[in-house]
Amino acid sequence: MKERRSVQICFPNGAMKALSMSYDDGSEHDRRLVGLFDAYGLRGTFHLTSSTLGQDYRVGRDEVARLYQRHEVACHGATHADLGQLAAADVDRELRDDKAALESLTGQPVRGLAYPFGTHDARIETMAAAAGFAYGRGVTDTDDLRPPEATMRLTTTCHHGQAMDWGRRLIERPADALQWMRVRGHSFELDGFMTADRSKDWAYMAAFCRMMAEASGIWHAPLIEVLDYLAAAAQLQRAEHGRALHNPTSITVWVRADDGSTLELPSHATSAAIT
Ligand SMILES: [Zn+2]
């Protein structure tokens, strides 16, 4: 009898590394940042505060769908209120109103959230999950590349000020385990606003994007795509006495065998190729 081969989950097309860029507040500087991401194939999540769109330095409501077309539009609270200071009914309104407004602007489900001011606790996380969010991102940088475990307490690898260093580490790391680099920031910082470090400017971001685009084996995806992918991968089932893998989800999942070969498992399909 043949031995069961062990398989390892990998990202699409056999990649072991992923990069997600996560930006808050919907500043008009997002236009230039999206232009860079689109030019280099990087992909981001943009956390918007719906009631402020079109005001001051924010992007306009009518440009949201087109501007962020290749990226994820996610919530950041309807008015950017500190959820830790609000009664339950008001937290709920901040979350649900923002979600509904952004869904109406994009015509897409909006399932991501970045907590305004990074404020969250068990009460807020539970309410966010109940309001239909798949994840809640804070501002806790873990300085590592491990995929996180608690999606309603989603951490980041680093602020974009450290993205160049972490990007080099991601590229140089051996591809022996899944690694997911999550970068957070505000596009206005690249323009020199509200930042102590003016060296992290547009030229810096362009150099970072170029470096990551030229590296091989990196999957560029917004936060929600990576989380949905990891959730699907966690549902793979052994079939036919362990000789096959069944993918019961609606997402194509990739696995890697010990000999380094990769296998694509289409949605709702069973593959016997791992024996
Ligand atoms: Zn914010």
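Note that ligands are numbered from 1 as they come in the structure, with each ligand's atoms numbered from 1 the same way.
- Annotation: protein N, O or S atoms under 2.8 Å of the Zn ion (ligand 1) (waters excluded) comprise D25 OD1, H76 NE2, H80 NE2.
- A salt bridge links R96 with D92: the closest approach of a Lys/Arg side-chain nitrogen to an acidic carboxylate oxygen falls below 4.0 angstrom.
- In terms of the salt bridge (Lys or Arg N to Asp or Glu O under 4.0 Å) criterion, D201 has no residue partners (sequence neighbours excluded).
- Under a 4.0 Å N-O distance rule, the pair E72/R43 does not qualify as a salt bridge.
- Cation-pi contact between R182 and W180: present, with separation from the ring centre below 6.0 Å and deviation from the ring axis of at most 45°.
- Between F37 and F46, the ring planes lie tilted relative to each other; the angle falls in the 30° to 60° range.
- Ion pairing between a basic and an acidic side chain is recognised when a charged N comes within 4.0 Å of a carboxylate O; D24 and R137 show such pairing.
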